[in-house]
Amino acid sequence: MEEQVAFQIDLQDNVATALVELNQGPVVLRGDSNQDVIHAVEHIPIGHKIALRDINCDEDIIKYGIVIGRATQNIAKGAWVHLHCISSVYDERSSHLDVVTGAPKDIKYE
């Protein structure tokens, strides 16, 4: 089995980016991190975010050392962090995009 690896960009971040597709189990953290390993609690696609600690609803999502979004529900440590549980502070429309494909769900094409 390929080593599961995620990258934390800044020590202030509460998420890391999956460098490979992650499945439940241990994930090695690279970059600026105070943790060596975190446990993924669910499948996380490559390039998506994993929670480095429990994140409460309405709490800021921090990546690159800056706020990139806000939690729309409680997020458990090791869980997938994406459009289904956060809203962007940069793009209000992001909450209307399909979680997997990124296609708009708020527009009907005829």
Side-chain angles (χ1 to χ4, degrees):
M1 182 167 116
E2 180 180 10
E3 181 178 54
Q4 300 198 119
V5 182
F7 192 86
Q8 183 176 348
I9 296 167
D10 189 277
L11 283 172
Q12 296 177 40
D13 295 351
N14 56 11
V15 296
T17 302
L19 298 181
V20 297
E21 184 174 305
L22 303 178
N23 294 301
Q24 286 185 332
V27 177
V28 175
L29 290 174
R30 303 272 189 244
D32 282 343
S33 181
N34 291 323
Q35 305 176 70
D36 293 328
V37 175
I38 189 169
H39 186 86
V41 298
E42 62 187 316
H43 174 262
I44 301 170
I46 186 172
H48 289 224
K49 295 173 289 299
I50 183 172
L52 296 176
R53 61 172 179 76
D54 289 338
I55 301 170
N56 295 317
C57 185
D58 294 325
E59 189 175 343
D60 291 337
I61 304 298
I62 303 171
K63 184 177 176 180
Y64 314 105
I66 61 169
V67 176
I68 63 163
R70 192 153 295 112
T72 57
Q73 63 189 48
N74 291 335
I75 304 169
K77 180 178 181 176
W80 181 29
V81 179
H82 197 53
L83 299 174
H84 66 288
C85 63
I86 69 171
S87 63
S88 172
V89 294
Y90 298 109
D91 181 5
E92 290 181 28
R93 204 155 169 264
S94 66
S95 63
H96 299 285
L97 303 177
D98 183 86
V99 174
V100 176
T101 66
K105 297 187 299 184
D106 60 341
I107 297 173
K108 294 186 182 192
Y109 298 97
E110 295 180 29

Are the side chains of Ile38 and Leu52 in contact, using a 4.5 Å heavy-atom criterion?
yes
Looking at Ala18 and Pro45, what are the two nearest heavy atoms and their distance?
CB-O, 3.7 Å
d(Ile61 CD1, Asn14 CG) to nearest 0.5 Å is 5.0 Å
Within the structure provided, determine whether Gln35 and Val37 are in side-chain contact (heavy-atom separation under 4.5 Å).
no
Ala6 versus Ala16, closest heavy-atom pair with distance
CB-CB, 4.0 Å
Starting at NE2 of His82, measure out to CD1 of Ile44 and round the result to the nearest 0.5 Å.
11.5 Å
Are Val81 and Val41 in one and the same hydrophobic cluster, where Ile, Leu, Val, Met, Phe, Trp and Tyr link if side-chain heavy atoms are under 4.5 Å apart?
no
Verify same cluster id: Ile86, Ile66 (apolar side-chain graph, 4.5 Å):
yes
Ignoring hydrogens and angles, tell me if any N or O in the side chain of Thr72 forms a donor-acceptor pair with the backbone of Cys85 under 3.5 Å.
yes
I'd like to know whether Arg70 forms a salt bridge (charged side-chain N to carboxylate O under 4.0 Å, His left out) with Asp60, so could you lay out the CA-CA distance, the side-chain angles of the two residues, the decisive distance to 0.1 Å, and finally the verdict.
CA-CA 4 Å; Arg70 192 153 295 112; Asp60 291 337; 3.2 Å; yes
Carboxylate-amine/guanidinium proximity below 4.0 Å for Lys63 and Asp13:
no
Side-chain contact, heavy-atom cut-off 4.5 Å: Leu22 with Ile50?
yes
Consider only side-chain heavy atoms of I, L, V, M, F, W and Y, link residues closer than 4.5 Å, and tell whether Tyr64 and Phe7 are in one cluster.
yes
Heavy-atom pair with the smallest gap, counting every atom of Val28 and Arg30
CG1-NH1, 3.1 Å
Taking it one step at a time, do His43 and Trp80 satisfy ring pair (Phe, Tyr, Trp, His ring centres under 6.0 Å)?
CA-CA 7 Å; His43 174 262; Trp80 181 29; 7.4 Å; no
Look up atom CG in Asp54 and atom CD in Glu59, then write down how far apart they are to the nearest 0.5 Å.
9.5 Å
Does Asp36 reach the side chain of Leu29, with side-chain heavy atoms less than 4.5 Å apart?
no
d(Gln4 CD, Glu21 CD) to nearest 0.5 Å is 9.0 Å
Roughly how far apart are Ile55 CD1 and Gln73 CD, rounded to 0.5 Å?
11.0 Å
So, Asp32 side chain and Leu11 main chain: donor-acceptor pair closer than 3.5 Å or not?
no
